[in-house]
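The basis for the numbers below is simple: all heavy atoms, side chains too, and nothing from hydrogens, waters or symmetry mates. Order of appearance sets the numbers: ligands from 1, and atoms from 1 within every ligand.
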Amino acid sequence: MAEKKFYLTTPIFYPNAKLHMGHAYTTTLSDVLVRYHRHFVEEKTYFLTGSDENTQKMVDSARKEGKEPLVFLDEIVDKFSGLFKTLDISYDQFIRTTDQQAHWPGAIALWNKLVESGDIYKKEYEGLYCTGHEAFITEKDLVDGKCPDHGTVPERIKEENYFFRLSRYTEDIRKKIISDELRIVPATRKREILSLFDEGLQDVSFSRPRKADWPQGLGVPVPGDDSQVMYVWCDALSNYITALGYGRDDALYQEFWATNENRMHVIGKDILRFHAAIWPGMLLSAGLPLPKTILVHGFITSGGKKMSKTLGNVIDPEELLSEYGTDAVRYYLARHISPFEDGDLTREHFKEVYNADLANGLGNLSARIMQLAQTHLEKGTEPEWAGLPEEYTRALDGFEVNKALEFVWHRITLLDQKITETAPFKVVKTDLEAGKKIIFDLTQELYRIAQLLYPFMPEANIKIKEAIIANKKPENLFPRKD
Ligand code: ME8
């Protein structure tokens with residue numbers, strides 16, 4: 001049988017500021033799913049992330065710091081990879097949309113396909129452009145003349161653009177979403193996007209006149225018209241196949257997109273329309289296969305409110321990482337934020353969860369068991385692979401990473417109770433062999449728990465397993481925080 005494949009992408013991030021908690025969330029959720037597929041489902045995986053660079057807001061941020069945009073970009077992208085490294089994100093490729101070798105040939109090839117299908121046409125257009133969204137918005141979206149999401153006054157633009165005939169694909173895309181040929185998860189998001197189709201999809205402005213203050217190398221040129229660059233969402237969405245070599249050396253594209261049934265995008269709820277309407281429209285126009293699944297997660301708030309500098313409730317992922325470590329941050333995001341709804345994070349709740357679930361929970365349990373093992377057992381052992389519990393695989397196959405961890409924590413609670421009930425520390429005094437057998441069994445279950453933690457907490461996974469094999473106490477995994 002042919003080896004099974006799994007292709008997963010994160011959104012590509014805007015490098016106009018450093019990454020925030022929402023970015024850390026979308027990437028951690030993605031990484032957990034990929035690690036599960038790579039390690040346990042034993043599929044050949046390909047995990048793509050990257051940065052969305054051809055944007056006005058990046059140019060604005062660079063200028064504000066007095067930096068050349070391309071220099072500014074390199075610095076920010078370095079910081080992105082730094083954060084991903086600390087978060088233990090196991091991506092295979094980081095695509096940058098200013099990459100003229102990796103990205104541009106594919107973006108141009110795709111554009112040419114849309115032209116061949118008769119879906120690109122020129123039109124004079126007037127509208128309100130919000131740089132925050134990198135999209136046109138309408139008069140009725142405004143509150144006090146401002147974009148309600150970004151609090152900025154949009155720019156009135158009148159220009160001649162190339163348009164993409166998205167309207168033509170309304171019915172095709174709608175059918176595919178209804179039938180789950182293009183699966184939108186969860187169902188609430190599927191309903192939300194389908195209601196947009198009721199009004200019919202509008203054609204989209206797909207290019208912008210090249211701006212005088214954009215350096216060479218920024219903005220993918222429209223083929224045959226150097227005065228225009230591709231609209232940033234047109235160029236950004238194509239990253240999912242350009243990175244695989246579409247339009248240049250397309251071996252990976254064939255392997256992970258064209259012939260692979262298991263290809264998915266993870267995105268946040270604010271960019272659903274781009275992924276479930278514009279992107280499928282582009283692929284249909286080009287005669288290319290659509291993604292199979294789009295997993296749409298919610299937003300992270302803090303104290304029930306959007307994180308914002310004015311409210312002072314911004315939590316920087318780097319800050320949590322340096323205080324609590326990689327596994328703790330991954331744990332919180334995977335267990336305490338639902339992948340399907342909005343979730344909340346405050347410093348107080350993080351600490352509470354850390355102390356309860358990690359310091360007193362997993363950390364204390366490992367220390368207790370290994371103390372007993374080290375004292376009473378002669379050597380360490382590694383249990384046979386027992387396979388994955390059904391509750392665990394069911395949760396992860398349905399992307400419910402929080403449920404999978406709930407299941408693991410239930411096993412942790414049971415194991416804790418087992419120590420109390422069987423009282424091996426007493427038994428060894430009266431019947432040494434019976435006591436040793438109990439302790440041995442405890443180490444075996446602890447080992448299995450550590451195995452199940454692999455996709456979520458790669459460090460704890462290794463440290464606990466190593467301690468059991470070497471029959472020693474693990475280092476203090478999660479020191480209590482006061
Ligand atoms: O949208 N909680 O980039 P981006 C959870 N470049 N997720 C959040 C969030 C929050 N508070 N805030 C943002 C872009 N996100 C485009 C994508 S893909 C072809 C182009 C999520 O840097 C947001 O939903 O603004 C999105 O999925 C991701 O962070 C990247 O946001």
Taking 4.0 angstrom as the limit, do K190 and D180 come out as a salt bridge? yes
Any residue meeting side chain to side chain donor-acceptor pair (under 3.5 Å) with R394, in chain and number order, not counting sequence neighbours: E390
What pairs of residues pass the salt bridge (Lys or Arg N to Asp or Glu O under 4.0 Å) test when at least one of them lies in residues 211-239, not counting sequence neighbours? K122-D225
Ligand 1 polar-atom proximity to protein (N/O, under 3.5 Å):
{"residue": "ligand 1", "atom": "2 (N)", "partner": "I300", "partner atom": "N", "Å": "2.8"}
{"residue": "ligand 1", "atom": "6 (N)", "partner": "I12", "partner atom": "O", "Å": "2.7"}
{"residue": "ligand 1", "atom": "6 (N)", "partner": "D52", "partner atom": "OD2", "Å": "2.7"}
{"residue": "ligand 1", "atom": "11 (N)", "partner": "I300", "partner atom": "O", "Å": "3.3"}
{"residue": "ligand 1", "atom": "22 (O)", "partner": "Y14", "partner atom": "N", "Å": "3.0"}
{"residue": "ligand 1", "atom": "22 (O)", "partner": "H23", "partner atom": "NE2", "Å": "2.8"}
{"residue": "ligand 1", "atom": "24 (O)", "partner": "D270", "partner atom": "OD1", "Å": "2.4"}
{"residue": "ligand 1", "atom": "27 (O)", "partner": "G268", "partner atom": "N", "Å": "2.9"}

Run the salt-bridge test on D74 and R96 with the 4.0 Å N-O cut-off and return the result as yes or no. yes
Mind checking what makes side chain to side chain donor-acceptor pair (under 3.5 Å) contact with D60, not counting sequence neighbours? Q56
Using 30° and 60° as the class boundaries, would you call the ring planes of H275 and W233 parallel, tilted or perpendicular? perpendicular
